[in-house]
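Each remark here refers to the structure printed beneath this line.
Every chain is numbered from 1, with letters handed out A, B, ... down the list of sequences. Excluded from the calculations below are hydrogen atoms, water molecules and symmetry mates; all remaining heavy atoms, backbone and side chain alike, are included.
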Amino acid sequence: MAIVGLLVPDCDMTCCDMTWHHHHLRLRRLEAEAIYIIREAVAEFSKPVMLYSIGKDSSVMLHLALKAFAPAMLPFPLLHVDTTWKFREMIAFRDELVARSGLELLVHVNAEGLARGISPIASGPALHTHVMKTEGLRQALEKWHFDAAFGGARRDEEKSRAKERIFSLRTAAQGWDPRNQRPEFRGLFNTRMKKGETMRVFPLSNWTELDVWHYIRAEQIPVVPLYFARSRPVVERDGALIMVDDERLALLPGEVPRMMQVRFRTLGCYPLTGAIPSNAATIDDIIAEMMASTISERQGRVIDRDDNGSMEQKKREGYF
Amino acid sequence: MQERTSAPPGSEAMPLNAYTRLPLRFLTCGSVDNGKSTLIGRLLYEKKLVHHDHLAALERDSQKHGTTGAVDFALLLDGLEVEREQGITVDVAYRYFATERRAFIVADAPGHEQYTRNMATGASTADLAVLLVDARMGLLTQTRRHAIIASMLGLRHVVLTVNKMDLVAFDQEVFTRIAADFVSFAGDLGFRTIQAIPVSARDGDNVSAPSPRMAWYCGPTLLSYLEEIDVEDECSLGPFRMPVQLVLRPDPDSRGFAGTVASGRARVGDELAVLPSGQVSRLKQIFVAGGECDTAAAGDAVMLTLTDEIDIGRGDMLVASQHRPLVADQFAAHLVWMSSEGLLPGRSYLMKINHGTVAATVTTLKHRIDVNTLGRSVAKTLSLNDVGVCNLSLARPVAFDAYSDNRETGSFILIDRYTNETLAAGMIDFALRRAANIRPQDIAVTTADRSRLMHHRPLVLWFTGLSGAGKSTVANLVEAGLHSRGIHTTLLDGDNVRLGLNKDLGFTQADRVENIRRVGEVAKLMADAGLVVMCSFISPFRAERQTLRELIGAEAFIEIFVDAPLEACIARDPKGLYRRALAGEIRNFTGVDQPYEAPDAPELRLQAGDTRPQVLADQVISYVMRRVLI
């Protein structure tokens, strides 16, 4: 897919129906900070791209980007690094968004990984993630010569992410050196790079999971229906509730899918994403459920469990 | 000054809670091993803000890495593998938590001296510092340093948390003495509030619940104090400032100026000035986060349109026309040096300030500050983690405020041109007087007008090279040749200038920088007058010559490298200087005990070894004749 220059915002933001702005000072400040970061990257880099992973954080980040330039158009494309194992509803949501909004979306699949038969089930979560996500992302950035990529990662997600800079430099080999990061002094981001180096930019660094949902509610941002509780076919595997999303999930002896009222807190490759039993069918329900929750957001991610430092390891290699 | 802005409309009915108030951003600091990470870990644990799966991991980790034997709360925070292995915090970690009453952003900064720069980074965005002291040790050098850095970075509220009270038998005397010591030490640091609280982070005394073991203490617990304290949002005070981040086109016919309001408030119809140009217009439209509104307040990400068409770009500043910031190309500032490459006064760095990137030079390093005592010492350089006060000179004027008035518009960073490393964080103290009171005067006759009269364009021919390379000889021949072709010329020679204009300067590094700076300014004036100016100076440093190029303008600055091998120069030694330098009679002699940095890409390179000077001069003359004729 080729990049066409300017993109069309998907929502009408000319009317100022932002009543929450008057009392939700915290959200208002988070929103302003994210817009500041997005604008700074657009001002400083020659070819930025926004990584769009279809999840709630991506939806919020995209919404903020549209606001950052409204009523002008979005000055960069979106990029989805597809592993071919996303939930079907995610892909449908993505395609519907593109059709409705006219946003330019680039999709990259690591064809080499596919040819090697890499899959989350046969290859295991670690290899699958490395090849299809980390390597896939590297290939995509090189293919289109992007010099900066926005990601929706938040510092509250995971311990090593808590130390990631907002503007985080990657070597020409896309590596991250956590011990040698540039100091960030106020909003004065040093965006200078040598040839081949690239930048990762995280506009949602200071948001929490709860902030994201409050903002989705305040701004009525559409999200994938998988976040809302519904009766879905799941099997229990290694302590996680895995949804039987298509026929590729070969059932193990004794596994019988059963319908359960579940939802997802995070979305990824369906065989690696555990559902949680829940009756939260609306955003209000979700917020109420989260306020009472004692389990962390990424707990459902099979990939994070290998080892405690494993996120840092993956990030050093170029994972988002 | 504007009145402090009142609460936004509609907020009266809203209860104060974690969403209706701005979060409190605080920094935890203090000496290593005083228990900073443990304290925050404890706070999260007590408020049940630690997720169950994280707790399970914590218990596993405590067995593997723990330093206390029991559950080690510090492991909740020390995220990087290297930190868990070494048991210390090396980088700033940000934590987010909220109670029902308030949301918090915690920057957990490292205590070791070699990570002072990280502490400064964490402090730069914080409103308050939680400074930890070990009750057994009292105030240490590091405690003082962190208090000083916090004050320097504009923090106005400190909570002195006297930790490990369990290890001094909860002795009131110990607590009172440490608190008194701190208050007497910090008296001059400009803190508006200092609250001392005795705690045991490990056991939880006075962290979120009052301690029955310290019944003598009647003050607030740490958490309740943090929930209640009112750190007035200083950026909402003060006059309107918006550094322009980006120019957008909201529709084909208009231009919108996007940025974040650094301070104050503006309404549609307000008169705004554009700096540094000083042009004035009125605010036509305000978009806050994409939606059209009547007012823009500090902290808002906005796009503004004006009633007049004015040329405005990234790095300009829109300000209240009646309350303007300073505009200058020279100012005094505090620097926190953040690189292992030391500061070189006179070297050209890149400064990022209010979205502009501009070449900047430290002209004078006034003194280094001992951050343990606030004492001043004379210094030639700043090393990693040093703090110093200096004068800076910029390639063009920028708009700014003093850091103490506005942390947003008074801060900058310095970047290395070649490695791209962030070298220093800066806080502006004041504009230098001569720069602040002098405004450029518009002149009716332009350089282009003068050129038309002279039938040629101006140029500055900068001859650089070792002493004895033949710079002056060639420059003389070039001038004679150009003169005979009807070109209006003049020649600035190193020795001649030192006999007059620069006779007050010696040969120290600072004086050499000043020597070249003055010559550059004179050359610029002469070029403005329409002349082709020959300058013959050793000028050994790349960064200085880069500064000249930016001062004079790349289109008029011609760098000519008179390239002769050092041996040839020593052999020629027309003034006998090499002989004396090699004998140790002259110090700081270029090529002998000072390096010469050859140009990377000069406009002309003259191979000056064996070639006759007239042949070299002819190369320059034909180059110049192609460039100057109109």
Side-chain angles (χ1 to χ4, degrees), chain A residues 13-19 21-29 31-36 39-40 42-43 66-72 155-156 158-163 178-179 181-190 192-194 205-206 208 210 214 293-296 299 308-309 312-313, chain B residues 8-11 14 18-23 48 51-54 57 61 79-82 90-96 103 105 117-118 120-121 124-125 245-246 248-251 256 258 260 287-293 299-301 314 338 352 355 407-408 411-413 415 420-422 425:
Chain A
M13 274 179 287
T14 49
C15 65
C16 182
D17 181 25
M18 297 193 295
T19 44
H21 256 211
H22 293 306
H23 51 262
H24 273 198
L25 288 181
R26 172 163 168 68
L27 281 188
R28 180 172 174 157
R29 195 54 63 85
E31 176 187 67
E33 183 188 69
I35 290 174
Y36 173 89
R39 285 174 172 171
E40 190 65 7
V42 165
L66 293 169
K67 283 189 154 206
F69 302 101
R155 285 178 180 151
D156 82 322
E158 201 272 338
K159 278 188 289 190
S160 75
R161 282 191 168 162
K163 308 213 171 183
R179 299 206 67 178
Q181 301 191 74
R182 290 176 177 173
E184 280 182 352
F185 185 68
R186 304 192 60 80
L188 294 156
F189 301 114
N190 176 356
R192 293 178 64 87
M193 301 185 292
K194 291 189 186 139
S205 285
N206 287 326
T208 66
L210 201 52
H214 274 290
S293 167
T294 55
I295 305 287
S296 80
Q299 203 265 346
N308 241 329
E312 185 181 337
Q313 188 56 41
Chain B
S11 66
M14 295 301 297
Y19 274 89
T20 59
R21 299 171 81 184
L22 288 176
K48 305 212 169 11
H51 293 304
H52 278 183
D53 48 319
H54 286 167
D61 282 3
L80 299 179
E81 285 170 6
V82 55
V90 299
D91 204 341
V92 186
Y94 295 93
R95 293 294 145 189
Y96 305 84
I105 299 177
R117 69 165 201 175
N118 302 64
T121 315
S124 72
T125 51
Q245 191 175 17
L246 198 60
L248 301 174
R249 286 209 169 270
D251 59 72
T260 297
F287 296 85
V288 176
E292 194 163 355
C293 299
D300 286 341
R314 177 170 162 88
M338 296 181 155
K352 193 162 179 189
H355 300 310
R407 286 164 88 189
E408 236 21 90
S411 51
F412 61 87
I413 54 172
I415 302 171
N420 295 332
E421 201 186 345
T422 303

* Give me the ring orientation class for A:His214 and A:His24: parallel if the planes are under 30° apart, tilted from 30 to 60°, perpendicular past 60°. => perpendicular
* Asked: Of the non-hydrogen atoms in B:Ala301 and A:Ile35, which two are nearest, and what is the gap between them?
  -> CB-CG2, 3.6 Å
* Does any N or O in the side chain of B:Arg407 come within less than 3.5 Å of the main-chain N or O of B:Ser124, such that one atom is a donor and the other an acceptor? -> yes
* Check each atom of B:Ala103 against the heavy atoms of chain A and say whether the ones under 4.5 Å are side chain, backbone, both or neither. => side chain
* To do: Measure A:Ala43 against the heavy atoms of chain B and call it side chain, backbone, both or neither at under 4.5 Å.
  => both
* Asked: If you tally heavy-atom pairs under 4.5 Å against chain A, which of B:Arg249, B:Arg314, B:Glu421 wins?
  -> B:Arg314
* Sequence neighbours left out, what passes side chain to side chain donor-acceptor pair (under 3.5 Å) with B:Thr125? Give chain and number order. => none
* B:Ile413 versus chain A, heavy atoms under 4.5 Å apart: side chain, backbone, both or neither? -> both
* Asked: What pair of heavy atoms forms the shortest contact from B:Arg21 to A:Arg26, and how long is it?
  -> O-CB, 3.7 Å
* Give the member of B:Gly256, B:Pro23, B:Ser411 that has the highest number of heavy-atom pairs under 4.5 Å with chain A. => B:Ser411
